[in-house]
Amino acid sequence: MNGDFNTGTVEEAQKLFAEGLKEAGVEDVTASINISDSDDHKKVAEYLQAQLEENLPGFKLEIKAVPFAQRLEIEKAIEYDLSLSSWGPDYSDPMTYLDMWLKDGSANRMDYHNPELDALVSQARTETDAAKRYEMLLNIEKILLEEDAAIAPLYQDGSAILMRDKIKGLIVHPTGATFSYKWTSIEE
């Protein structure tokens, strides 16, 4: 396993931010974050805004909430500083998240490109040795999250499902469609 990513202390962030301001020759920075106008995106963006502005003196984060379809168009046009995006896995494999960032990938809406990542994804798609493939996937993750810091996963969504004993045959999927009802019945 790659271990923890997105770690560090407030003091480390403050030091790096101060160094960045000095290098840029400015006293403050304003950035905007593109979000969907959903309640969950608003809450995450407000939390990020509060944390960044409180802990990095001179940093201001403007929240730009727009309807989901408009957020996607802004991302496709790459007309944003930061964008709060989300992805639900289509299938049960890490590649559902990792191959999104290929040079011309349809989900790569930030003009990101790393030839090493593209090559590793291509190799991992055809690798039949599970251990070798796993190492490739870990390397892809390391490139995205640590070396390039191209993305910063913030949270993973989850659900708790309570079900009555008399419901039989309901299938709950970990990826893709949430439920299959075809074989579901209620036994009195």
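In this text the structure is predicted, and so the values were computed from the model without any measurement.
Considering only heavy atoms from C-beta on, Met100 stays 4.5 Å or farther from Ser106 through its side chain. Using a 4.5 Å cut-off on side-chain heavy atoms (C-beta onward), Pro153 and Leu145 make contact. Under the 4.5 Å side-chain criterion, counting only non-hydrogen atoms from C-beta, Asp40 is in contact with Tyr155. In this structure, the side chains of Asp28 and Lys60 stay at 4.5 Å or more apart for every pair of heavy atoms. For the pair Tyr112 and Leu144, the minimum side-chain heavy-atom distance is below 4.5 Å. A 4.5 Å side-chain heavy-atom check between Met136 and Glu141 finds every atom pair outside the cut-off. Within the 4.5 Å cutoff, the side chain of Ile33 has no heavy atoms near those of the Lys64 side chain.
The environment of CZ in Phe5 is crowded: more than 12 heavy-atom neighbours from other residues, nucleotides or ligands sit within 6.0 Å. Counting heavy atoms of neighbouring residues, nucleotides and ligands inside a 6.0 Å radius, atom CD of Glu27 does not exceed 12 of them.
Criterion: ILVMFWY side-chain heavy atoms under 4.5 Å apart, direct or through other members. Under it, Trp87 and Met95 are part of a common hydrophobic cluster. When hydrophobic clusters are built by joining Ile, Leu, Val, Met, Phe, Trp and Tyr residues whose side-chain heavy atoms come closer than 4.5 Å, directly or via intermediates, Leu56 is grouped together with Leu48.
Looking at Asp81, its side chain does come within 3.5 Å of a backbone N or O of Ser32 through a donor-acceptor pair.
Taken from CG in Leu120 to CZ in Arg133, the straight-line distance is 12.0 Å, to the nearest 0.5 Å.
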Using atom types as modelled, flag every donor-acceptor pair under 3.5 Å from a side chain in residues 174-188 to any protein atom, sequence neighbours excluded.
| from | atom 1 | to | atom 2 | distance (Å) |
| --- | --- | --- | --- | --- |
| Thr175 | OG1 | Ser92 | OG | 3.2 |
| Ser180 | OG | His173 | NE2 | 2.6 |
| Thr184 | OG1 | Tyr181 | O | 3.3 |

Residues Leu52, Asn55; criterion side chain to side chain contact (heavy atoms under 4.5 Å, CB included); working and verdict:
CA-CA 5 Å; Leu52 290 167; Asn55 292 302; over 6 Å; no
Starting from the C-alpha separation in whole Å, work towards a yes-or-no answer on salt bridge (Lys or Arg N to Asp or Glu O under 4.0 Å) for Glu135 and Lys132.
CA-CA 5 Å; Glu135 285 302 316; Lys132 286 181 184 175; over 6 Å; no
Apply side chain to side chain contact (heavy atoms under 4.5 Å, CB included) to Tyr80 and Arg71, showing your working.
CA-CA 10 Å; Tyr80 61 89; Arg71 189 206 73 190; over 6 Å; no
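Tyr97 meets the side-chain hydrogen bond (donor to acceptor under 3.5 Å, both in side chains) test with no other residue; sequence neighbours excluded.
With 3.5 Å as the limit, one finds no donor-acceptor pair spanning the side chains of His113 and Asn108.
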